[in-house]
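Please read these numbers as outputs of a predicted model, since none were measured by experiment. In what follows, chains are A, B, ... by sequence order, proteins preceding strands, each numbered from 1.
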Number of protein chains: 2
Amino acid sequence: MTAFPAPRVTIKDVAARAGVSKGAVSLAFNHKPGLSEATRDRIFAAARELGWEPNLTARSLSSSRVDVVGLAICRPARMLGLEPFYMEFVSGVESVLTEHSCSLLLRLVRTVDEEVGIQESWWRGRQIGGSILVDFRADDPRVPAVERLGMPVVAVGHPSLTGSLTSVWTDDATAVKEAVRYLAALGHRRIARVGGAAALGHTMIRTAAFDEAARSLGLAGARQVATDYSGEAGARATRSMLTAAPPDRPTAIVYDNDIMAVAGLSVAAEMGLSVPRDVSLLAWDDSQLCRLTHPTLSAMSHDVHGFGAEAARTLFGLITGEGPGTHQVPTPVLTPRASTAPPDV
Amino acid sequence: MTAFPAPRVTIKDVAARAGVSKGAVSLAFNHKPGLSEATRDRIFAAARELGWEPNLTARSLSSSRVDVVGLAICRPARMLGLEPFYMEFVSGVESVLTEHSCSLLLRLVRTVDEEVGIQESWWRGRQIGGSILVDFRADDPRVPAVERLGMPVVAVGHPSLTGSLTSVWTDDATAVKEAVRYLAALGHRRIARVGGAAALGHTMIRTAAFDEAARSLGLAGARQVATDYSGEAGARATRSMLTAAPPDRPTAIVYDNDIMAVAGLSVAAEMGLSVPRDVSLLAWDDSQLCRLTHPTLSAMSHDVHGFGAEAARTLFGLITGEGPGTHQVPTPVLTPRASTAPPDV
DNA sequence: AGCGCTTTCTCAACCGGTAAAGTCCCCATC
DNA sequence: GATGGGGACTTTACCGGTTGAGAAAGCGCT
């Protein structure tokens with residue numbers, strides 16, 4: 001990719017115009033002491049007149065700072081488009097990056113291994129100053145890889161999955177238990193859960209928590225399945241659950257995201273079941289979507305934007321020398337709407 | 001943002017290990033002639049052993065190539081999360097970038113003016129080799145700005161909006177007319193349209209096309225409103241349209257995206273109206289969402305992934321010296337599903 | 001043996017900044 | 001009146017690559 005034939009202005013031009021050395025220009029633009037107000041002003045004026053901004057490439061070469069952070073997301077494109085989660089997460093990340101005039105390098109990948117390669121390239125090629133890692137799985141290959149590289153990263157996931165990496169996480173287990181307890185308190189005994197991708201760590205955590213909650217509440221009819229997070233999979237899972245003979249049919253279903261819950265809602269409608277009379281549905285992540293359906297979807301709400309922001313903040317802390325640690329963001333809370341009610345006995 | 005205290009290996013180390021000069025290493029890694037097979041192999045072996053990859057920062061400094069393209073998206077974060085369009089678009093862009101080992105610099109902005117600033121900074125700071133511009137409006141300030149900068153960009157939008165910039169566009173006007181003709185052919189006379197943000201160029205184009213189609217078909221009851229693309233706005237618009245007295249009430253509604261169509265569907269349900277018997281609904285962009293509702297939503301389908309890919313391809317063409325031009329991608333086509341039917345007279 | 005031509009590498013300048021060390025000048029101090 | 005200490009800049013050496021101008025070596029040919 002070659003540059004356009006545009007006469008680009010450099011620090012030298014600015015220095016010449018302001019009648020100073022380029023060192024002085026550098027000092028001025030980095031707000032370092034050692035320049036008089038007058039000179040500083042002259043330099044800024046010259047820069048403004050010439051439309052100059054420091055070449056970040058050159059800057060990071062000599063100062064070995066890189067004002068870019070990486071984020072690779074690994075999900076099939078088809079699914080990504082739909083999951084409100086990521087865009088909201090990204091927007092949270094950006095909100096913090098912007099304050100530090102830092103940019104986000106985004107990459108969609110197909111596999112974790114591909115991501116490992118990307119992250120290595122980015123880091124070795126000095127393209128990024130650090131990275132945010134999402135979607136951890138058991139024995140995630142990214143953990144040893146980034147440890148080996150000595151690359152600053154914040155891992156978005158439960159500390160049990162992220163090894164020694166600094167992590168930002170939300171207490172999914174507690175949230176799942178709250179969801180189950182809520183449905184049980186409404187009177188539901190046969191509660192089902194349509195989970196996300198089985199390989200993902202937080203799915204495993206939620207699955208375990210669901211089992212535990214069901215056991216501790218003595219819910220014999222609890223069951224759960226893993227999907228791929230897609231609406232189709234959610235619809236399929238719901239259909240399969242709701243076609244069971246009534247004594248086995250769940251009276252409440254918890255979904256791992258909102259897309260699947262929406263799909264579940266329409267499967268219920270298609271089967272002539274009324275929500276919440278015949279079956280209660282509870283979504284996860286609570287994007288705008290949950291308020292757009294009829295009935296509106298009860299959900300475990302989660303400040304995804306804030307989650308992203310916290311991840312970015314933590315990354316900055318790490319890069320500027322704070323030690324590693326784990327940062328917990330608020331646990332998703334139940335937001336009851338119209339899709340949950342006591343079972344119709 | 002300072003680098004970690006990691007002993008990073010440079011081209012010099014590789015050269016030393018392979019017993020050659022750094023110029024030789026550079027030749028090898030850029031696949032340029034002038035090296036024997038044997039040396040080339042030795043160099044690659046040394047690089048592999050040391051885990052070296054060329055520092056892209058240094059490379060772009062000396063070669064003035066930048067393997068990064070920019071994309072700034074201007075929509076309130078709240079809305080972004082939901083619109084499947086962007087993530088799908090981005091994934092299309094990425095699919096092409098990846099082939100060129102190029103990365104995407106993403107930024108979410110609040111206003112066009114902010115975007116102008118970002119793009120200027122990116123370009124002047126040599127952060128990007130070019131940019132993809134989306135969401136054009138009338139007299140868009142980005143057009144003169146990037147022309148002045150001489151920055152390679154591809155504008156995603158109708159040529160009438162993008163001035164002299166190379167553009168990639170889809171024929172929304174024809175698609176709108178097809179939608180209206182289809183509904184009219186079903187027998188609808190009172191057709192409404194819930195449009196997107198009025199300030200956006202493609203909304204204006206669709207609005208004009210809708211008017212023209214209605215006039216040419218002699219549909220007296222056609223009407224349309226502009227919204228902000230959000231589900232809430234879609235719900236509000238639908239509610240206001242459907243509460244009109246029956247002789248004025250539209251029997252079919254076209255939406256500018258799928259989120260609003262989903263919202264419209266639930267408003268109909270909430271009002272006790274049956275879709276498509278009492279009212280037909282037609283969505284736009286046709287993401288997975290349209291197949292998840294009950295009834296499923298008829299939609300104007302659009303290969304958004306391919307749209308993004310074409311934009312990226314065009315940008316590469318531009319950067320590598322192809323002249324400007326306009327590239328049209330396929331017009332959205334009608335995909336009838338269960339939400340449209342003849343009106344119930 | 002001498003000449004020209006390749007092929008294969010090396011060398012050194014340069015890209016546009018940063019940063020540490022150095023220069024100058026002015027002013028206070030003993 | 002010499003000394004010292006800052007402030008305000010300038011100089012210069014990098015950062016880690018690329019690039020074009022040589023240089024050394026090998027080879028065919030007269």
Side-chain angles (χ1 to χ4, degrees), chain A residues 1-43 46-47 50-67 121 123-127 129, chain B residues 1-43 46-47 50-67 121 123-127 129:
Chain A
M1 190 188 292
T2 348
F4 255 32
R8 290 181 160 203
V9 21
T10 77
I11 197 173
K12 217 182 295 179
D13 305 315
V14 176
R17 174 157 197 137
V20 296
S21 70
K22 53 183 200 147
V25 178
S26 175
L27 289 181
F29 266 76
N30 290 294
H31 302 104
K32 296 202 175 170
L35 289 183
S36 68
E37 264 324 296
T39 316
R40 216 172 274 276
D41 291 348
R42 245 191 0 222
I43 292 174
L50 295 172
W52 179 77
E53 292 194 35
N55 179 332
L56 293 202
T57 302
R59 171 180 292 180
S60 28
L61 182 55
S62 60
S63 66
S64 54
R65 313 171 351 159
V66 187
D67 292 318
S121 274
W123 177 244
R124 293 197 172 138
R126 308 291 203 290
Q127 296 230 80
Chain B
M1 193 188 291
T2 348
F4 253 34
R8 290 182 160 200
V9 21
T10 76
I11 197 172
K12 219 183 292 178
D13 305 313
V14 177
R17 173 156 199 137
V20 296
S21 70
K22 50 182 202 146
V25 178
S26 175
L27 289 180
F29 266 77
N30 290 296
H31 302 104
K32 296 203 173 168
L35 288 184
S36 68
E37 264 324 298
T39 317
R40 215 172 274 274
D41 291 348
R42 228 155 11 102
I43 291 173
L50 295 173
W52 180 76
E53 293 194 35
N55 180 332
L56 294 200
T57 300
R59 173 178 291 181
S60 29
L61 183 56
S62 58
S63 66
S64 53
R65 314 171 351 161
V66 187
D67 292 317
S121 274
W123 176 245
R124 293 196 172 140
R126 308 292 202 285
Q127 296 230 77

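Computed from coordinates, the B:Ile43 CD1 to D:dT18 C1' distance equals 14 Å when rounded to whole Å. In this structure, B:Arg65 places its CZ atom 15 Å from C1' of D:dG16, rounding to the nearest Å. Note: CD1 (A:Ile11) to P (C:dA19) measures 11 Å, nearest angstrom. Protein atom CG of A:Leu56 is 11 Å distant from nucleotide atom C1' of C:dG16, rounded to whole Å. We find that CD of B:Glu53 is positioned 11 Å from P of D:dG17, with the value rounded to whole Å. A:His31 has its NE2 atom 12 Å from the P atom of C:dT18, to the nearest Å. When rounded to the nearest whole Å, the span between CG of A:Asp67 and C1' of C:dT18 equals 14 Å. At whole-Å resolution of the value, CG in A:Leu50 and C1' in C:dG16 are 15 Å apart.
Of the candidates C:dA19, D:dC15, D:dG16, C:dA19 carries the atom nearest the A:Ser63 side chain, counting heavy atoms from C-beta on. Across C:dC15, D:dG17, C:dT18, the shortest atom-to-atom separation from the side chain of A:Ser26 is found for C:dT18. Counting only heavy atoms from C-beta on, A:Asn55 has its side chain closest to C:dG17 among C:dC15, D:dG17, C:dG17. If you check C:dG17, C:dA19, D:dC15 against the side chain of A:Leu61, the one that comes closest is D:dC15. Checking D:dT18, C:dG17, D:dG16 against the side-chain heavy atoms of B:Thr10 singles out D:dG16 as nearest.
Under 4.0 angstrom from either OP1 or OP2 of D:dT18 there lies no side-chain N or O belonging to B:Lys32.
The two residues A:Asp13 and A:Thr10 come nearest to each other via the heavy atoms OD2-N, 2.8 Å. What you find for A:Val9 and A:Leu50 is that their closest heavy atoms are CG1-O, 3.5 Å. Nearest heavy-atom pair, A:Gly129 versus A:Trp123, reported as atom, atom and distance to 0.1 Å: O-CZ3, 3.7 Å. Across all non-hydrogen atoms, the minimal contact from A:Val66 to A:Gln127 is CG1-O, 3.3 Å.
In this structure, the side chains of B:Leu35 and B:Ile43 come closer than 4.5 Å at one or more pairs of heavy atoms. The shortest side-chain heavy-atom distance between B:Val25 and B:Trp52 falls under the 4.5 Å cut-off.
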| message | Protein within reach of the bases, or only the backbone? For nucleotides 8-13 of chain D, mark each nucleotide 5' to 3' as B, S or -, using heavy atoms under 4.0 Å. | response | BBBB--
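Summarising the geometry, atom CG belonging to A:Leu56 is positioned 13.0 Å from atom CZ belonging to B:Arg124; distances are rounded to the nearest 0.5 Å.
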